[in-house]
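Labels below follow one simple rule: chain letters A, B, ... track the order of the sequence lines, proteins then strands, and each chain is numbered from 1.
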There are 2 protein chains.
Amino acid sequence: MADVIANMSMSIDGFVADPQDGIDHLFGWFGNGDVEVPTAVEWATFKTSEASAKMLRDAMDNVGALITGRRLFNLTQGWGGAHPMGVPVFVVTHEEPADWPHPDAPFTFVTDGLESAVEQAKKVAGDKNVAVASTTIAQQCLDLGLLDGIQVDLIPVLLGDGVRFFGNLDKTITLTGPEVVEGTGVTHLSYRVTRGA
Amino acid sequence: MADVIANMSMSIDGFVADPQDGIDHLFGWFGNGDVEVPTAVEWATFKTSEASAKMLRDAMDNVGALITGRRLFNLTQGWGGAHPMGVPVFVVTHEEPADWPHPDAPFTFVTDGLESAVEQAKKVAGDKNVAVASTTIAQQCLDLGLLDGIQVDLIPVLLGDGVRFFGNLDKTITLTGPEVVEGTGVTHLSYRVTRGA
């Protein structure tokens with residue numbers, strides 16, 4: 001059964017981007033090592049520490065679908081129609097883009113809500129996990145009890161301001177873990193969401 | 001030379017207390033283990049995992065003075081005149097309390113500003129560290145370039161709301177580290193503040 005897992009690179013004060021959506025301070029670890037980790041796209045090959053590379057390879061092997069929000073989809077211009085994870089992408093949105101230039105890409109625009117997107121993504125993922133790549137979607141999944149795991153790639157920086165990973169939670173949520181992997185310029189922390197907390 | 005180190009138990013979403021100043025979700029690790037760690041006061045003996053106990057003993061051996069703000073001092077009623085760390089306490093405040101019932105306790109009320117408090121605390125600490133036990137004081141120390149280290153005792157919980165460890169920083173601050181100690185129900189992360197970032 002697929003788990004739904006939110007994963008972000010986050011500053012110690014909780015931000016996943018600066019106020020201008022910049023990620024320079026947070027994404028350095030994807031390129032600060034010697035170990036190449038190919039992705040599903042030519043324009044993105046990670047170069048990380050061995051510890052981070054193993055974690056990334058494991059994650060890519062185990063993810064079968066990805067859910068994102070419309071804001072991140074727009075910011076990345078839909079990853080040019082091919083997400084680095086190489087899996088089908090479900091975009092939660094109020095309406096389909098009118099001018100999507102990659103109609104054959106494995107992108108599904110879900111206009112009937114987050115729960116529908118999770119259901120569709122799980123079906124496609126099969127035994128693999130569903131990755132959530134969006135702060136607002138992750139928060140809504142938490143509020144709805146739809147999230148099974150949280151992976152924080154914790155970066156040794158204080159941004160002071162920006163976009164929060166967890167900005168608007170309705171309630172206290174207890175977790176178990178973490179499993180810790182120490183990379184270079186990043187600490188990978190994997191938590192499980194405790195149900196019924 | 002004494003380092004100035006801020007230390008807090010923090011939720012993954014960055015809170016050191018809930019909106020009612022409650023710390024029940026964050027301080028459980030001080031009592032969830034088998035290893036007793038006596039403090040300087042009878043009313044506080046920690047019972048933690050061996051990993052956390054070693055970290056706590058090291059911290060207590062290496063702290064020579066403590067700086068706090070007036071809000072935490074009031075909340076704790078001045079720790080009854082004896083802080084568990086067993087070191088002199090410097091309280092940054094606009095005016096001395098009129099009715100402080102422990103005039104002989106090693107508490108100094110500093111009314112001429114944070115930099116004066118840091119200077120006085122460093123002098124008393126000698127070769128040992130100065131601990132900062134207050135979010136607002138820690139933030140002001142960061143903004144003034146007075147902080148050398150940050151220890152986050154990261155708790156596997158999302159509080160959703162409350163008092164932030166780092167709420168109002170003026171700028172981006174880069175850190176190095178962390179040193180990681182895995183406790184039970186807590187991950188101890190020790191960072192160094194990078195100067196001139």
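When heavy atoms are compared at a cutoff of 4.5 Å, B:R192 does not approach chain A at all. Neither the backbone nor the side chain of B:F165 comes within contact range of chain A; no heavy atom of the residue lies under 4.5 Å from a heavy atom of that chain. Contacts of B:I155 with chain A are absent, with no heavy-atom separation under 4.5 Å from either backbone or side chain.
In terms of heavy-atom pairs under 4.5 Å with chain A, the best-connected choice from B:T184, B:L169, B:T176 is B:L169. Put simply, of B:L189, B:V180, B:T187, the one with the most heavy-atom pairs under 4.5 Å next to chain A is B:V180. Most heavy-atom pairs under 4.5 Å with chain A, from the set B:G162, B:G14, B:G160, B:P156: that is B:P156. Among the candidates A:L158, A:I12, A:L175, A:V152, the residue making the largest number of heavy-atom pairs closer than 4.5 Å to chain B is A:L158.
You'll find the side chain of A:D13 reaches within 4.5 Å of the side chain of A:L159, heavy atoms only.
The aromatic ring centroids of A:H102 and A:W79 lie 6.0 Å or more from each other.
Side-chain N/O atoms of A:W29 and A:S9 include a donor and acceptor closer than 3.5 Å.
Both A:L146 and A:V130 sit in one connected hydrophobic cluster of ILVMFWY residues. Membership requires side-chain heavy atoms under 4.5 Å apart, directly or through other members.
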Working note: B:D21 + B:R71, criterion salt bridge (charged side-chain N to carboxylate O under 4.0 Å, His left out); need CA distance, chi angles, decisive distance, verdict.
CA-CA 11 Å; B:D21 289 314; B:R71 185 166 179 275; 2.8 Å; yes
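The aromatic rings of A:F73 and A:W100 sit tilted, their planes meeting at an angle between 30° and 60°.
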